[in-house]
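Convention: sequence-line order gives letters A, B, ...; per-chain numbering from 1.
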Protein chains: 2
Amino acid sequence: MRMDDDRWEAPRVLLAVDLVILTLRGSRLHVLLIERGVEPFRGALALPGGFLRDQEEDIVAAAHRELFEEAGLADVPHLEPLGVYGEPGRDPRGRVVSVAYLAIAPRLPEPVAGTDAAEASWRPVEHAMSSNVELAFDHRRILADGVERARVKLEHSALATAFCGETFTISELQQVYEAVWGVRLDPRNFYRKVQSARGFIVAAGSMRRTEGGRPARMFKAGPVQAIYPPMVRSAQAVAEGSDGRKDGRTAQTMPEGGANP
Amino acid sequence: MRMDDDRWEAPRVLLAVDLVILTLRGSRLHVLLIERGVEPFRGALALPGGFLRDQEEDIVAAAHRELFEEAGLADVPHLEPLGVYGEPGRDPRGRVVSVAYLAIAPRLPEPVAGTDAAEASWRPVEHAMSSNVELAFDHRRILADGVERARVKLEHSALATAFCGETFTISELQQVYEAVWGVRLDPRNFYRKVQSARGFIVAAGSMRRTEGGRPARMFKAGPVQAIYPPMVRSAQAVAEGSDGRKDGRTAQTMPEGGANP
DNA sequence: GGAATAGTGTCTTTGAGACATTATATC
DNA sequence: GATATAATGTCTCAAAGACACTATTCC
C-alpha cells in the first residue's frame, strides 16, 4: 500500500459487470447481445452489463440485476467469473474496470429489451464473432474468452446434460457437444466415451422413436458434477474451434471456478 | 447500463491489486509475504499489494509498482491474472475490489521491506497456509487459489525449466515438480515422461558429476511453451496437495491466461 | 427390399504406472 | 569390493480413434 503521503487518497474507479450468456438454440450456440440505446457505441451490439448500483452491491448481484434490467432474464443459474478487463481507455467515459461473468444454460427465454437497450436478442456465436459485426468496447475479446471457457467446461463437467431435456438420447447429447465445440464427432466413439464417464448419464428405461431409424435408449443426467474420464477434445478440435484463435486453450481469462467470494 | 434516472451516478470503488509471488528456495515452494505496518491488520502477514495510484494507471503496472515499493522486487516476469475478489466487507476500509495476480519465478532476490511493510520475506507455502498463521483480509483464499494455479501451470507449460539453471539434469527438474506439486514422483517414469513431451527439454551434451553416483546428462529448455503430452498429476496427487482443499482442481479463480488487455 | 439411425465389437496406438535391470561414478 | 545415482527396459492397464458390423425402425 502506498500511504507514505498522508494527504494522498486512493483513486476510485467505476466498476462494471459484463455478461456472456450462452445458450443452445436449434443446434447452434447463441449468445445474448443487446443493441446499445445510449452513447457510447449507441446502436452497436454489446454484451449486457452495466455499473454497480451502489457501494454495497455485491458484484454477482449486480450481474443478475443487469441481466434482468436489460434483457428481462431472471433466474439465470450459476454465473461464473470469467475475467477482469480494466485497461485504461477501454471505455471513453472514464476509467472503467469490468468484471466479466459467464453463464451457460439451456432453454433460456426470449429476452425483452429494457432501459438502455434498444433491443436484446439471441445471436449465433459464429455470427457475433465474425468480423462483420461490430461489438462495443472490448466485448469481442470478452466473448471469445467466454466461448473458449464454455468449451473447456464441457470437457470436465456434466454441464452438457443440462442442455437436453429431462431424458435424452445419446445422439442428442452428442449434438450439444458438437454445437459448443464446433466440430463433428464420431457417434460410435462418442457413445462409448460418454458411457465410460462414471456417473455422467444413467439409463432411463424407455425408448424414443426418431425420424426413420431404430429407436434410441433414453438416459437422464447422472449424479456427478465433474466427469471422469473427461470428455477431452482432440488436439485437432481445439485447433479448429470456430473463433479466430490459434490456440483456444490460451484464452486471456482467469481459471475455472472464478474468484469472487 | 442503468441510466434511466438522469441524476443517478455510478458509484466508484477502490481498486486494489494483490500479488501471489511464488519461487523455489531449496526444494520448497515459497511465497512472498509482508508484515503489515499499518492498519487494518497491522502486524499480520499479507500478500503484497495495494491501491491503484491514479485513475490512469494500468492494473498490471500497479501490480509491478507495489511489488517494487513493498518488497524491492523489480523485473518480476509475467504477472498473470488470478482472480477478482470483491465481496463487500472483505476490507474494513470500505468497498475494495482486488484483482489478484500470480507470478512464478526462480531465483528471485531477497525482498526488502518498503513503505508500509514492516517486513517482507519468503515464507514456505506450507507454513503460510497452515492454520497457525493469520493472513490479512481474504489472502489465505487468494494464496490457495494461486498455489493451485501454479500446480496446473506446471502440468501444461514448460515453466518448470525456468526454475533450473541454464542447463540441468532430469532429476533437478523432477525436484521442481515435486516441490510445487508437493508429492514424490518415480524417477524412472518421470524420466520417460519428461523426454516424451516433445520440445520440452533438449540434450545439452555435457555431463555433471553429482554426489557419489553416475554422472547425469545435462539438458536445456526446449523451444515449446505448452508441452504435449502434458505432465498430468495423478488423481492421487491432486487429492493430496499441501493445502487444505478437498479438490484442488476447483479453485475459486478464473481460467488460464488472465483477462486484462 | 432400401434408407436411416442406434448400438456393439475389434484393432491399433499411445501413454501411465509399477518395478527390474544395467551403467557409471565415488569411496 | 560396496554404495549411490543415472539411465533403460519390460509388463500391464486404460483410454482414444478408426472403422466394420449388427439391430431396429420407417418407407
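- Distance CD (B:Gln174) to P (C:dG17): 13 Å, rounded to an integer number of Å.
- Regarding contacts with the backbone of D:dA6, a side-chain N or O of B:Ser171 is found under 4.0 angstrom from either OP1 or OP2.
- One atom, CZ of A:Phe219, and another, C1' of C:dA6, lie 11 Å apart when rounded to the nearest Å.
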Does the pair B:Ser121 and B:Arg123 meet the rule for a side-chain hydrogen bond (donor to acceptor under 3.5 Å, both in side chains), with working shown?
CA-CA 6 Å; B:Ser121 61; B:Arg123 312 271 177 152; 2.9 Å; yes
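- Taking the side chain of A:Arg217 as heavy atoms from C-beta on, and the options D:dT25, C:dA16, C:dT8, the nearest nucleotide is C:dT8.
- Atom CG in A:Leu185 sits about 17 Å away from atom C1' in C:dA6, given to the nearest Å.
- Taking all atoms of both residues into account, the shortest heavy-atom contact from A:Glu172 to A:Thr167 is OE1-O, 4.4 Å.
- Residue A:Met207 contributes atom CE, which lies 18 Å from atom P of C:dT5 at whole-angstrom precision.
- A donor-acceptor contact under 3.5 Å is formed by the side chain of B:Arg188 with the base of C:dA20.
- DNA chain C is contacted by B:Asn189, B:Arg192, B:Lys193 of residues 189-197 of chain B, taking any non-hydrogen atom closer than 4.0 Å.
- The side chain of A:Arg214 has C:dG7 as its nearest neighbour among C:dG7, D:dA6, D:dC19.
- As rounded to whole Å, 15 Å separates atom P of C:dT8 from atom CG of A:Asp186.
- Taking atom CE of B:Met218 as the reference point, atom C1' of D:dA7 lies 15 Å away to the nearest angstrom.
- Within 6.0 Å of atom CD in B:Gln225, 12 or fewer heavy atoms from other residues, nucleotides or ligands are found, so the atom counts as exposed in its surroundings.
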Checking ring pair (Phe, Tyr, Trp, His ring centres under 6.0 Å) for the pair A:Phe190/A:Tyr177: CA distance, chi angles, key distance, verdict?
CA-CA 10 Å; A:Phe190 184 85; A:Tyr177 277 91; 5.7 Å; yes
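- Between the side chains of A:Arg25 and A:Thr23, not a single donor N or O lies within less than 3.5 Å of an accepting N or O.
- At least one side-chain heavy atom of A:Leu47 sits less than 4.5 Å from a side-chain heavy atom of A:Val31.
- Distances from the side chain of A:Pro215 to the nucleotides D:dT25, D:dT5, C:dG7 place D:dT25 closest.
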Verify side chain to side chain contact (heavy atoms under 4.5 Å, CB included) between B:His156 and B:Tyr228, making sure each step is shown before the conclusion.
CA-CA 7 Å; B:His156 300 284; B:Tyr228 189 85; over 6 Å; no
